[in-house]
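Scroll down for the structure; my scribbles are underneath it.
All values below come from the heavy atoms of this structure, side chains included, with hydrogens, waters and symmetry mates left out. Read the numbers this way: they start at 1 and go in the same order the structure lists the ligands and their atoms.
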Amino acid sequence: MFDAVCADCGQTTQVPFQPSGDRPVYCRDCFQKHRSERGGGGGGPRGDRPMYDAVCATCGQPTQVPFRPTEGRPVYCREHYKRD
Ligand SMILES: [Zn+2]
Ligand SMILES: [Zn+2]
């Protein structure tokens, strides 16, 4: 076990891996808290929608859209989608 300082409550804790410094380390209590905050208990609806690769019809940059691009229909990146 390695000594670490919880990034949330600041208490010393022990973790089963060497803290790398670029990731926050939490004590047992705070780890549970953060995990339940993020996932909401088994993956929320946010973030797991399938995204499709597409090319913006205005600027030609690759972008991702939440629907399958159809040929003949222009697809826009976020920036140009708003303007259209
Ligand atoms: Zn803590
Ligand atoms: Zn664009």
Side-chain angles (χ1 to χ4, degrees):
M1 296 294 274
F2 296 88
D3 287 323
V5 176
C6 174
D8 201 335
C9 66
Q11 288 201 45
T12 14
T13 182
Q14 288 208 314
V15 289
F17 54 89
Q18 181 138 30
S20 56
D22 57 346
R23 280 191 190 188
V25 173
Y26 300 111
C27 67
R28 241 173 240 211
D29 288 345
C30 295
F31 181 77
Q32 294 284 344
K33 202 171 70 182
H34 279 262
R35 200 166 59 168
S36 54
E37 267 176 16
R38 201 181 297 168
R46 246 207 286 173
D48 47 9
R49 256 200 306 180
M51 296 294 278
Y52 298 91
D53 288 320
V55 174
C56 174
T58 301
C59 64
Q61 293 218 29
T63 183
Q64 289 207 313
V65 289
F67 54 88
R68 192 185 287 275
T70 330
E71 264 191 60
R73 276 191 165 196
V75 171
Y76 301 102
C77 66
R78 258 171 220 217
E79 200 184 323
H80 293 119
Y81 181 76
K82 275 185 207 159
R83 283 193 211 167
D84 198 37

>> So, applying side chain to side chain contact (heavy atoms under 4.5 Å, CB included) with Val25, which one of Val5, Asp3, Asp8, Val15 is it?
In response: Val15
> Where the Zn ion (ligand 2) is the corner point, what angle links SG of Cys77 with SG of Cys59, to 10°?
Replying inline: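 Output for this angle: 110°, rounded to tens.
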>> So, of the N/O/S atoms that His80 has, which is the nearest one to the Zn ion (ligand 2)?
In response: ND1
> How wide is the angle at the Zn ion (ligand 1) between SG of Cys30 and SG of Cys9, to the nearest 10°?
Replying inline: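 The angle at the Zn ion (ligand 1) comes to 120°, rounded to the nearest 10°.
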>> Looking at Gln11, I want to see if its CD is surrounded by more than 12 non-hydrogen atoms of other residues, nucleotides or ligands under 6.0 Å.
In response: no
>> One pair to check against side chain to side chain contact (heavy atoms under 4.5 Å, CB included): Met51 and Val65. What are the steps and the verdict?
In response: CA-CA 5 Å; Met51 296 294 278; Val65 289; 5.8 Å; no
> How far apart are the closest heavy atoms of Met1 and Pro16, and which atoms are they?
Replying inline: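 Smallest heavy-atom distance, with atoms named: SD-CA, 3.7 Å.
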